[in-house]
Amino acid sequence: MDYRTCAQEIFRHVGGRENLVSAAHCATRLRLVIADNSKLDMKALEEIDGVKGVFSNAGQLQLILGTGTVNKVYDEFLAVSGMTAATKEEVKAAAAARQPLPKRMVKALGDVFVPILPAIVASGLIMGLLEGLCKAFPGLADSGTYTIFHLFSNAAFVFLPILVAVSSARVFGGNIFLGAVIGMIMIHTDLVNAWSVADYVASGTPIPTADVWFGLFNINLTGYQGHVIPVIIAVWIMCQIEKRLHKVVPEMLDLFITPLVTVCATGYLTLTVFGPVFSTLENWVLEGVQMLITIPFGIGAALMGAIYPLTVVCGVHHMYNVIEAGMLSSVGLNTWMPIASAANFAQGAACLAVALKTRERKTKALALPSAMSAALGITEPAIFGVNLRLVKPLVAGMIGGAAGSVVGSMFHIGATAYGVTGLFGFLTTTDYIVPYAIELAVSFVVAFAVSWFLYKEKAPEAAAPQTEDAPTLTCQPGVVYCPIQGKVIPMEEIPDDTFAAGVLGEGCGIEPAAGRVVAPFDGEVTTVAESKHAIGLSSPDGMELLIHVGINTVELDGKGFTLHCAEGDQVKAGQPLLDFDLDVIRQGGYSTTTAVLVTNSEDLGPVSVHTGDQFPLTPILTVNACVQAD
């Protein structure tokens with residue numbers, strides 16, 4: 001592909017330099033922060049050659065270009081735009097700063113939980129595997145090996161507040177070790193373990209209390225095992241205190257005063273005010289979600305399964321991590337996971353239906369791997385690359401997600417971890433393998449069927465009539481002007497024995513850089529191949545010319561070719577005759593080398609060739625006999 005042209009097109013359709021805030025790239029995507037989204041031409045961006053998908057997420061415009069391509073386009077984009085390179089983190093920061101407060105809050109939750117997902121996933125998978133093995137080998141539960149691995153399986157959940165506190169401190173810009181101390185305070189062994197409170201109540205044992213705020217209040221000395229929101233709030237407060245102290249405390253005293261005051265102030269406020277308040281609010285949220293999921297006939301589960309993909313589109317789906325973590329910590333079972341899994345699997349099924357039904361090469365190449373990715377729990381490629389853009393597959397996936405979620409609710413399916421959905425979810429739902437398989441099957445079948453029924457591929461748009469006038473050019477006798485932008489090569493280098501040997505006449509080959517053929521002189525179109533890949537012309541001074549696009553491209557039967565002329569048409573030099581898709585030709589396994597041959601050169605005499613990189617309407621062939629005759 002032409003990386004420069006791709007970069008120029010992107011630059012033009014994002015609104016130019018004044019509409020760009022920052023630019024960076026990752027392994028596959030060009031990531032841009034845009035000043036005014038209303039100035040974007042999303043449809044035009046999607047149609048740029050080389051761009052496999054376009055979507056906006058978390059304040060970033062992301063253009064999927066692919067590995068090995070994105071860095072080359074990025075370099076050209078910097079040159080075209082005059083911008084300087086930025087890191088992915090800088091782009092994220094610039095994008096985050098432009099988000100409204102609710103989105104920034106949700107993003108912060110995602111930033112807190114995403115880094116600790118591996119720890120949660122590892123613990124959950126170990127727990128699921130242990131349960132499965134104990135069912136197969138009942139005696140395993142009495143072994144020392146089981147005891148050791150069971151310790152591994154719940155370690156992340158026992159000390160979850162510390163993990164959350166460390167990650168929160170990193171996100172909010174505080175000292176992560178002070179954050180860890182706050183997390184430790186909240187689950188200190190001098191506090192009654194939150195999971196033991198029910199036993200205290202059942203046995204009539206009073207929970208220890210402490211009078212605070214100069215004896216005005218009494219609080220229960222209970223820990224915060226099973227809570228995450230109070231921990232995040234506590235660490236956010238800690239970071240605000242720490243930052244302000246760094247600004248006002250003299251540097252020589254900062255090392256001593258700042259951590260001392262930060263820990264004391266944050267710890268006291270957390271255990272006496274913010275902890276009790278937000279733990280109560282969190283309990284209400286968890287109880288509300290549980291009630292929603294268990295509404296009779298699966299109505300609540302169906303509703304959440306349907307709207308789940310929309311929260312992914314809005315970038316707020318990371319908020320569910322709080323709910324799932326709370327469920328695991330409080331009751332040891334994540335009943336939200338089946339809803340997310342049904343929704344994700346359904347989006348993959350809807351995307352697969354598009355992949356199998358579409359005839360459009362670019363859509364098929366994107367949809368098939370995206371569907372496979374969604375089946376493993378990663379839905380962004382399917383949602384943003386295919387379903388959202390086509391709308392109907394997204395709706396089909398929402399319907400399938402709702403149907404699967406009803407099944408999950410009926411069977412009360414639960415998982416031992418969060419962050420794992422799709423096929424990998426079998427490893428965390430060992431007590432519900434058959435119901436979970438039924439849920440995924442229902443999600444898949446419903447979403448696939450609805451998507452197949454709803455999705456109708458648009459017929460290719462007819463080529464717009466060529467109303468533009470051909471460039472003004474005084475044609476010279478015996479001169480063939482370049483009909484295609486590209487590199488002109490000697491006839492002998494054309495990768496076809498018939499053309500290379502001059503059997504059809506003398507001339508040259510062109511390795512195209514663009515997919516358009518224009519008239520190489522004033523004349524008449526004498527022949528047009530039924531498969532559209534070849535055109536014959538004649539000039540007033542007696543030249544008969546063949547332009548044959550690609551080698552063996554007759555086998556494409558016109559696919560990838562769009563004609564702008566017909567036999568008998570009188571054409572002017574520079575007038576468009578034919579458009580062709582270079583990618584279609586290459587993916588069909590054919591060479592794009594185009595033969596430009598004077599088919600009656602045997603009657604006219606030798607043909608001179610001008611090789612090298614050429615633009616349309618520069619002279620490439622000269623027939624001496626025609627020049628002399630004139």
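Computed from heavy atoms alone, side chains included, the values below leave out hydrogens, waters and symmetry copies.
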request  = For atom NZ of Lys357, decide whether the heavy atoms of other residues, nucleotides or ligands shown that lie under 6.0 angstrom number more than 12.
outcome  = yes
remark   = dist Cys508:SG -> Glu492:CD (nearest 0.5 Å) comes out at 10.5 Å
query = His25 and Val70: which non-hydrogen atoms are nearest, and at how many Å?
reply = CB-CG2, 3.7 Å
request  = Measure across Ser81 and Phe11 and return the closest heavy-atom pair with its distance rounded to 0.1 Å.
outcome  = CB-CE1, 3.4 Å
request  = Taking Tyr74 for its side chain and Ala23 for its backbone only, find out whether a donor-acceptor pair lies under 3.5 Å.
outcome  = yes
Validation row: Val33, Leu61 side chains within 4.5 angstrom (heavy atoms) = no
ask   = What pair of heavy atoms forms the shortest contact from Pro495 to Ile551, and how long is it?
value = O-CG2, 3.9 Å
message = Below 30° counts as parallel, above 60° as perpendicular, anything between as tilted: where do the rings of His533 and His548 land?
response = perpendicular
task = Would you check if the side chain of Asn19 reaches a backbone N or O of Val14 as a donor-acceptor pair within less than 3.5 Å?
result = yes
inquiry  = Less than 4.5 Å apart, side chain to side chain, heavy atoms only: is that true for Phe177 and Val166?
reply    = no
Evaluation steps, side chain to side chain contact (heavy atoms under 4.5 Å, CB included), between Val80 and Arg4 = CA-CA 8 Å; Val80 169; Arg4 183 77 172 193; 3.9 Å; yes
ask   = Once you round to the nearest 0.5 Å, how far does CZ of Arg586 lie from OH of Tyr590?
value = 15.5 Å
His564 and Asp579: side chain donor to acceptor below 3.5 Å = yes
query = Does the side chain to side chain contact (heavy atoms under 4.5 Å, CB included) test come out yes or no for Ile34 and Leu40, once each step is laid out?
reply = CA-CA 9 Å; Ile34 304 300; Leu40 296 176; 4.0 Å; yes
remark   = Residues passing the side-chain hydrogen bond (donor to acceptor under 3.5 Å, both in side chains) test with Ser451, sequence neighbours excluded, are none
task = Verify the neighbour count for atom CZ of Phe426: are there more than 12 heavy atoms of other residues, nucleotides or ligands below 6.0 Å?
result = yes
task = Report yes if the side chains of Leu32 and Leu63 come closer than 4.5 Å at any heavy-atom pair, otherwise no.
result = yes
inquiry  = How long is the straight-line distance from OG1 of Thr562 back to CG of Leu578, given to the nearest 0.5 Å?
reply    = 7.5 Å
task = Please examine the side chains of Val51 and Leu45, heavy atoms only from C-beta on, and report whether any two atoms are closer than 4.5 Å.
result = no
message = Let's go through Lys43 and Glu46 carefully: what are the C-alpha distance in whole Å and the side-chain angles of both, what is the deciding distance for salt bridge (Lys or Arg N to Asp or Glu O under 4.0 Å) to 0.1 Å, and is it a yes or a no?
response = CA-CA 5 Å; Lys43 182 173 178 58; Glu46 292 172 352; over 6 Å; no
task = Give the intermediate values and the outcome of side chain to side chain contact (heavy atoms under 4.5 Å, CB included) for residues Val354 and Lys364.
result = CA-CA 7 Å; Val354 173; Lys364 187 182 290 289; over 6 Å; no
ask   = Hey, what do you get for OG1 (Thr416) to CE (Met337), rounding to the nearest 0.5 Å?
value = 8.5 Å
task = Could you tell me which residues satisfy side-chain hydrogen bond (donor to acceptor under 3.5 Å, both in side chains) with Thr592, sequence neighbours excluded, listed by chain and number?
result = none
inquiry  = Could you check whether any side-chain N or O of Thr358 sits under 3.5 Å from a backbone N or O of Ala355, counting only pairs where one atom can act as donor and the other as acceptor?
reply    = no
message = Could you check whether any side-chain heavy atom of Val488 comes within less than 4.5 Å of a side-chain heavy atom of Val609, counting everything from C-beta outward?
response = yes
query = So, for Val584 and Gly560, which heavy atoms are closest and what is the spacing to 0.1 Å?
reply = CG1-CA, 4.1 Å
ask   = Say you draw a straight line from NE2 of His13 to CD of Gln8; how long is it, rounded to the nearest 0.5 Å?
value = 11.0 Å
ask   = Under 4.5 Å between any side-chain heavy atoms of Ile510 and Cys482, yes or no?
value = yes
query = Is there a side-chain contact between Tyr481 and Val518 (heavy atoms, below 4.5 Å)?
reply = no
task = Determine, stepwise, if the pair Met83 / Arg17 fulfils side chain to side chain contact (heavy atoms under 4.5 Å, CB included).
result = CA-CA 8 Å; Met83 301 183 70; Arg17 179 64 184 89; 3.5 Å; yes
inquiry  = Has Ser531 got a side-chain atom pairing as donor or acceptor with Asp557's backbone, closer than 3.5 angstrom?
reply    = no
key: Nearest heavy-atom neighbours spanning Val235 and Gly179   = CG2-O, 4.5 Å
inquiry  = Check whether Glu242 reaches the backbone of Asn175 with its side chain - one donor and one acceptor, N or O, closer than 3.5 Å.
reply    = yes
query = Is it true that a side-chain atom of Ser168 and a backbone atom of Val164 form a donor plus acceptor pair closer than 3.5 Å?
reply = yes
query = Just wondering, do Thr594 and Ile494 contact through their side chains at under 4.5 Å, heavy atoms?
reply = no
Short side-chain to backbone donor-acceptor contact, Ser405 and Gly401, under 3.5 Å = yes
message = Quick check: closest heavy atoms across Pro483 and Val596, and the distance to 0.1 Å?
response = CG-CG2, 4.1 Å
key: Separation between CG of Asp41 and CZ of Arg12, rounded to the nearest 0.5 Å   = 8.5 Å
